[in-house]
There are 2 protein chains.
Amino acid sequence: MRKDSRLSRMLHVLIHMNQLDAPATSEKIASMLNTNPVVVRRTMAGLRDKGYVTSVKGHGGGWSLAMALSDITLLDIHNALGESSVFTIGLSDEHTSCPIEIAVNQAISDVLIEAEALLLERFREVTLDVLAAGFADYPLNQQASSGE
Amino acid sequence: MRKDSRLSRMLHVLIHMNQLDAPATSEKIASMLNTNPVVVRRTMAGLRDKGYVTSVKGHGGGWSLAMALSDITLLDIHNALGESSVFTIGLSDEHTSCPIEIAVNQAISDVLIEAEALLLERFREVTLDVLAAGFADYPLNQQASSGE
DNA sequence: TTTCATGTAACTTATGATGTTATTTAATAT
DNA sequence: ATATTAAATAACATCATAAGTTACATGAAA
């Protein structure tokens with residue numbers, strides 16, 4: 001079944017953008033992701049609408065972060081991408097008044113709702129600054145510098 | 001994004017099969033699901049391989065339950081359908097040695113693993129007999145009969 | 001005023017699940 | 001025996017939809 005890797009890709013891009021001092025063009029982002037500038041604009045548009053990035057046209061234009069990585073969570077980006085459900089599992093709808101179908105769908109739905117709630121809660125707990133530099137260079141994991 | 005409703009549909013079918021005294025043909029199951037007999041065989045084949053149903057060729061043949069509904073869980077059927085992942089969310093793989101991509105994928109993966117574990121645990125707790133008759137006719141929910 | 005870059009609509013391609021046809025195998029009824 | 005029924009399976013066709021592409025408009029800076 002098809003997978004949507006936009007969340008992973010956009011997080012990757014946002015963290016790299018944080019290390020740049022100039023806007024990143026859709027062209028550059030696209031070549032980094034082995035994809036197309038229009039696809040990048042399409043996807044980034046959702047993040048811009050929610051205020052996480054800004055876009056500027058013309059010379060020297062492109063995409064920039066609109067806030068600190070520490071102010072953005074995985075959940076923020078997940079929501080901004082606007083995917084309806086995180087599950088490949090769906091419900092049947094051939095006999096919506098059949099008590100068996102209703103019971104089956106209710107049971108599955110209960111589980112999906114609980115699992116999705118956990119997933120979103122965990123996404124909400126992770127900010128992008130924690131992911132930056134791939135943990136390795138992050139203060140807590142360093143051996144040297146900053147004295148003690 | 002596409003949804004896979006095979007779990008819901010197969011559970012629905014299995015519970016109905018429990019109420020029949022003769023095998024259900026792929027033809028009958030297909031018309032109940034508004035689909036095709038070959039698709040039914042394809043899907044039921046997975047359940048047969050795991051021992052939940054049996055199939056018989058020829059006159060009077062078709063599909064039958066191989067065990068009590070109380071011995072089958074949602075997890076059993078989910079596993080028998082052999083879907084790789086329950087999530088639409090995937091990881092990126094453009095720069096597998098980039099520490100940022102690694103960190104991002106690790107963070108997402110951690111969450112998916114935890115959420116999937118919860119989902120499978122919940123699926124494991126539900127047996128098909130509990131879904132039968134749509135709760136409404138189930139002993140605990142009945143007002144009348146059986147004395148008391 | 002030329003160049004660069006986003007914004008967006010319209011269209012094409014790719015992928016994978018589902019649906020279909022055709023043929024083989026096997027079990028039962030006549 | 002043999003006709004009928006139904007699963008098993010291979011091969012192919014269709015469909016849905018995400019991703020990719022082309023084309024053109026808008027707007028900002030050199």
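Just so it is clear: chains get the letters A, B, ... in the order the sequence lines come, proteins before strands, and each one is counted from 1.
Judged by distance alone, the side chains of T96(A) and D93(A) never bring a donor and an acceptor atom under 3.5 Å apart. Under the 3.5 Å distance criterion, with hydrogens and angles disregarded, no donor-acceptor pair is assigned to the side chains of W63(B) and T25(B). Side chain to side chain, T88(A) and D4(B) fail the donor-acceptor criterion of an N or O pair below 3.5 Å.
Residue pairs meeting the side chain to side chain donor-acceptor pair (under 3.5 Å) criterion with at least one partner in residues 113-124 of chain B, sequence neighbours excluded, are E114(A)-R122(B), R122(A)-E114(B), E121(B)-R124(B), R122(B)-E125(B). A salt bridge (charged side-chain N to carboxylate O under 4.0 Å, His left out) check over residues 31-59 of chain A, counting only residues at least two apart or in different chains, returns nothing.
A search for side-chain contact (heavy atoms from CB on, under 4.5 Å) contacts involving D110(A) returns Q106(A), not counting sequence neighbours. When the side-chain contact (heavy atoms from CB on, under 4.5 Å) test is applied to H95(B), the partners found at least two apart in sequence or on another chain are H12(A), M32(A), C98(B), E101(B). For M67(A), the side-chain contact (heavy atoms from CB on, under 4.5 Å) partners two or more places apart in sequence, or in a different chain, are Y52(A), D71(A), I72(A). With sequence neighbours excluded, no residue forms a side-chain contact (heavy atoms from CB on, under 4.5 Å) with I102(B).
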Using nucleotides 16-18 of chain D, report all nitrogen or oxygen pairs with the protein that are shorter than 3.5 Å.
from	atom 1	to	atom 2	distance (Å)
dA16(D)	O4'	R2(B)	NH2	3.3
dA18(D)	OP1	M1(B)	N	2.6

Check the interface with nucleotides 27-30 of chain D: list each N/O to N/O pair with the protein under 3.5 Å, or write none.
from	atom 1	to	atom 2	distance (Å)
dG27(D)	N2	G58(A)	N	3.0

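With contacts defined as side-chain heavy-atom distances shorter than 4.5 Å, the pair R9(A)/L81(A) does not qualify. Proximity of I108(B) to F87(B): side-chain heavy atoms (C-beta onward) are nowhere separated by under 4.5 Å.
Across A24(A) and M17(A), no two heavy atoms sit closer than the pair CB-CG, 4.3 Å. Minimum heavy-atom separation, S70(A) to D129(A): CA-OD1, 3.4 Å.
Put simply, T25(B) has no side-chain N or O that comes within less than 4.0 Å of OP1 or OP2 on dT5(D). Put simply, S26(B) has no side-chain N or O that comes within less than 4.0 Å of OP1 or OP2 on dA6(D).
Near DNA chain D, meaning a heavy atom under 4.0 Å away, the residues from residues 36-51 of chain A are N36(A), V38(A), V39(A), R42(A).
Two end axes, each from the C1' atoms of five base pairs, can be drawn for the helix from dT1(C)-dA30(D) to dT30(C)-dA1(D); they diverge by 10°, to 10 degrees.
Here L47(B) contributes atom CG and L65(B) contributes atom CG; the two are 9.5 Å apart, rounded to the nearest 0.5 Å.
Cluster partners of I113(A): none. The rule joins Ile, Leu, Val, Met, Phe, Trp and Tyr whenever side-chain heavy atoms lie under 4.5 Å apart, and it links nothing here.
First and last contacts of DNA chain C with chain A, using any nucleotide atom under 4.0 Å from a protein heavy atom and ordered 5' to 3', fall at dT3(C) to dA17(C).
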